[in-house]
**Student:** 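My structure is below; once you've seen it, I'll send some questions.
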Amino acid sequence: MLYAFQVLNGLGLGMIYFLISVGLTIIFGLLNFVNFAHGAFFMIGGYLCYSLVGWTGSFWLSLLFGPLFVAFAAWLAEKILFHRIYHLPHTFHILVTVGIALILQETTIMIWGPVGKNISVPEGLQGVVTLWAFAYPVYRLFLISFTIIIALALWYLLERTRFGALVRAGSESAEMISLLGTNIHRLFAATFALGVGLAGLAGTLSAPVRGVNPFMGVEVLGIAFVVVVIGGMGSFTGALLGGLLVGLVQSLMSTIWPEGASLMIYGAMAAVILLRPYGLFGRA
Amino acid sequence: MSAFILKVEKLCLSYSGFMAVDNVTFQVARNTIHSIIGPNGAGKTSLFHCLTGARRPTSGYVEFDGREITREPTHKRVSAGMARSFQITSLFQNLTVRENLRLASQGRDGDGALTFWRSAFARREHIEVADAVMERLGLTKRADAAAGGLPHGQQRILELGMALCGRPRLLLLDEPTAGMGVEDIPLMTRLIAELGKEYSVMLIEHNMGIVMSISDVITVMSQGGILVEGKPEVIRADARVREAYLGDAA
Amino acid sequence: MLKDSELLGGTTPVVAIALVLLPVVLPSAALATEILIFALAALACNLLLGYGGLLSFGQGIFFGAGAYLASLAMIHAGAGFLTALATAALSGTLIAAVVGALAIRRTGIYFVMMTLAFNQTAYFIAYTLDEWTGGENGLLDVPRPPLALFGATLADLGSPMSYYVFVAVVFLLIFVATKRVIASPFGSTLIAIRDNEARADAVGYNTKHFKIVAFAVSGAITALAGALYAMLLNFAPLENIQMSENIVILTVIGGTGSLLGSLLGAGSWVIISDMFAEVWPRWLIVMGGALILVVLFLRGGIWGGIESLAERISSKKGKPG
């Protein structure tokens, strides 16, 4: 029973990791841009949840406006700064976004202080439900269902809409993008906002479970990288399976060896690198 | 010592089902120029990739200088005496001409070049090789210019020089005249003809004038396999070759 | 590259003069020592990034490991000063070779991502092994034994000034040694690999071996810096491991591809942090902004800026008439 409980936890965690990594990966796929500030945007999503719940008293409003605000900030950053450096080598993308991440982290400390905050579980989603023979927190169940809906919507967006077709075509070949003409800047900015917005959404959703602190950005970025190294960049399925795998490993390990749970996911990555250098689902 | 520097038997390379190299068997005699020709997509460059170690063949056998090398990595083939030039110029763009050639010569040391406690210039022989190759190729005046800043023709010649610096016994030249201006081609042709006397040379080339004038043996590839092989006059006269290749070119 | 091969000429006298001036100009010898320690870490990062083109977010692993292992050798094994430093350098070499060998199995962004992930791994290992590392509290009461060789005490390093002199000597030696590494067959090949890896492979180099050795050398120097840092603070905090990002930033700001740039980067970083620490603890925002500006407008970093300025001035003077 304990394992069923942990599997559900791992599922929730894995879906959060999926949301973060898929954002990273679609930005990379279309824009060939490496965003090391992705974790920092996740953190901002969490802090916005904290503040919006404080002001409005409604988790639902924060769930709507938190990610939207993060997406808007990313759109703005793309318009002002990032689109200027797409043509540069990846090292430059990394350094610039590391700078952005540092600025976001320090600004967060200025606004909210260096000590972490807890966010209470929204009303209506408190308490537990009895599933088979164990009690499970309602909020976590909501988290799992909601993220699955988001994943389905995202899949629909990428596979069944014109926007998705453009994103996929652009990811396949760079020449394809140049044929799209003038819409390209809007497409890039929109994709950037979408990808980062998903990280913000993940931050907002996980805030009531794990709280927020100014240094969680780096931690989450590290995990997203593990997911992407395992699953491969630029792939929806890779991010989903990689995310779930990492979430489940971390969750199941926390019952066996609580201190080493975080360690294990990095161990899993090292194992994948040794056995399959190009990831479980990756192409050369 | 066998009369052949290179023996290739039943070599295959497939990319997810597509046979880029299909059951190829041939031999290269020492100190000859052996050209590979064929229409685009015939599998010439894929064959080269298998010979240089850039791709691992799906099946088959490659023997270099009496030793099997089918699955050896590139750097081991280089120390065994194989050197290549690229179809698309591949130089150390930001480094000087002399440093490009010195590094190419130093490459023969393989892991010996991991030495980090001595000056790179303590090994005079690499500088001497670089200087000698520069002299031969007429690049001495540009010794201290960045490779990336040379005119295209000189870059192609330097590309060939990089292969020479490895003091190879077999030179694999992938379209050495690609993209060269008409005025530079005679120089390159003469150079390759000269090299054929000192080294064994395998040449991929589209320019039929060059191939027919300097080759000892020509192998014609088509759709991954070998169509026909022989001396230039035999190839010139072969009806199948005319149909598959020369016909299109003319 | 040819310029740097003159080991004792070129930038070396400049560094020697700077080493003499630093403690005189700065408010404390301890601050000057801190600059040199971070300059060592930057030098090692520069060897990877500036010469090998390898952007590593794993330098904190080696820095932290050097600090912990030197401290543990002194606390638990009664190691002397030089033994502790040697322990750090040796373990730094080994750890960096292993991390490097794993990370370079992938190239490009995957490589960079893996160095960051390994850094997180090291952080959690240190956090988990709290009986040894002190976990979040850090490893306390790290001693700074006197400098002794074969039982004979050569110098007591207790005072900030005497410790600075020792670190300055170490820095100068490593600075010259790194110049030699860069101008060696290994260093010249590393530069070639950065320029065109496919060609380096084709002329006969096993490029992986070169990258691993680059990591090993970089790891040795970084771990040495970590050990010196622990003895400076008498403390080895867990945050040492999270230093990777800072090491990269100060290396880039100082100037990649120039060893003197590393000293400049470390100097400006430590001095700014000292100036702002009391007044405005969020000074890292400035560093984030500086990093972005350097990448956008001043590729050569501070040193590159100085160089191009000097060139402009000398070309004006050099014009006849």
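Letters A, B, ... mirror the listed sequences (proteins, then strands); counts begin at 1. Just so you know, these numbers use all the heavy atoms, side chains as well, and skip hydrogens, waters and symmetry mates.
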**Student:** Step through the shown structure and confirm whether more than 12 heavy atoms of other residues, nucleotides or ligands are within 6.0 Å of CD on B:Glu135.
**Tutor:**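 Open: at most 12 neighbouring heavy atoms sit under 6.0 Å from CD of B:Glu135.
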**Student:** Check this for me: B:Arg124, atom CZ, are more than 12 non-hydrogen atoms of other residues, nucleotides or ligands nearer than 6.0 Å?
**Tutor:**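 Result for CZ/B:Arg124: open.
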**Student:** Ignoring hydrogens, what is the shortest heavy-atom contact between B:Gln106 and C:Thr189? Give both atom names and the distance.
**Tutor:**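 Distance-wise, the nearest heavy atoms are NE2-OG1, 2.8 Å.
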**Student:** Passes side chain to side chain contact (heavy atoms under 4.5 Å, CB included), C:Asn196 versus B:Ser90? Steps please.
**Tutor:** CA-CA 8 Å; C:Asn196 185 344; B:Ser90 178; 2.8 Å; yes
**Student:** Parallel under 30°, tilted from 30 to 60°, perpendicular over 60°: which one fits the rings of B:Phe116 and C:Phe186?
**Tutor:**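 Ring orientation of B:Phe116 relative to C:Phe186: perpendicular.
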**Student:** With a 4.5 angstrom heavy-atom cut-off, is it the side chain or the backbone of B:Thr52 that approaches chain C, or both, or neither?
**Tutor:**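 No part of it gets close to chain C.
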**Student:** Select one option (side chain, backbone, both, neither) describing which atoms of B:Ala104 are under 4.5 Å from chain C's heavy atoms.
**Tutor:**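 Both backbone and side chain.
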**Student:** Please check if the number of heavy atoms outside B:Arg167 that lie under 6.0 Å from its CZ is greater than 12.
**Tutor:**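 For B:Arg167, atom CZ is crowded (more than 12 foreign heavy atoms under 6.0 Å).
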**Student:** Look up atom CG in C:Asp195 and atom CG in B:Leu95, then write down how far apart they are to the nearest 0.5 Å.
**Tutor:**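 CG of B:Leu95 is found 4.5 Å from CG of C:Asp195.
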**Student:** Using non-hydrogen atoms only, which part of C:Val181 is less than 4.5 Å away from chain B: side chain, backbone, both, or neither?
**Tutor:**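 Contact with chain B: backbone and side chain both.
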**Student:** Given that the side chain runs from C-beta out, which part of C:Ala200 has a heavy atom under 4.5 Å from chain B: side chain, backbone, both or neither?
**Tutor:**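 C:Ala200 touches chain B through backbone and side-chain heavy atoms alike.
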**Student:** What pair of heavy atoms forms the shortest contact from C:Tyr205 to B:Leu103, and how long is it?
**Tutor:**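 Shortest heavy-atom separation between C:Tyr205 and B:Leu103 comes out as OH-O, 2.5 Å.
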**Student:** Identify the heavy atoms of C:Ser188 and B:Ala120 that sit nearest to each other, and give their distance.
**Tutor:**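 Closest pair (atom of C:Ser188, atom of B:Ala120, distance): OG-CB, 4.1 Å.
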**Student:** Taking B:Lys76, B:Arg77, B:Glu159, B:His126 one by one, which has the highest count of heavy-atom pairs under 4.5 Å against chain C?
**Tutor:**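 When all of B:Lys76, B:Arg77, B:Glu159, B:His126 are compared, B:Glu159 has the most.
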**Student:** Under a 3.5 Å distance rule, please check whether C:Asn206 uses its side chain to pair with a backbone N or O of B:Gly110 as donor and acceptor.
**Tutor:**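 Judged by distance alone, no pair lies under 3.5 Å.
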**Student:** Over all heavy atoms of both residues, which pair between B:Phe92 and C:Arg199 is shortest? Give the atoms and the distance, please.
**Tutor:**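 Shortest heavy-atom separation between B:Phe92 and C:Arg199 comes out as CZ-CG, 3.7 Å.
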**Student:** Near C:Leu173 CG, under 6.0 Å, is it more than 12 heavy atoms from other residues, nucleotides or ligands?
**Tutor:**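 Counting other residues, nucleotides and ligands, CG of C:Leu173 exceeds 12 neighbours.
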**Student:** For B:Val78 and C:Ala202, work out which heavy atoms get closest and say how close.
**Tutor:**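 Residues B:Val78 and C:Ala202, closest heavy atoms: CG2-O, 3.2 Å.
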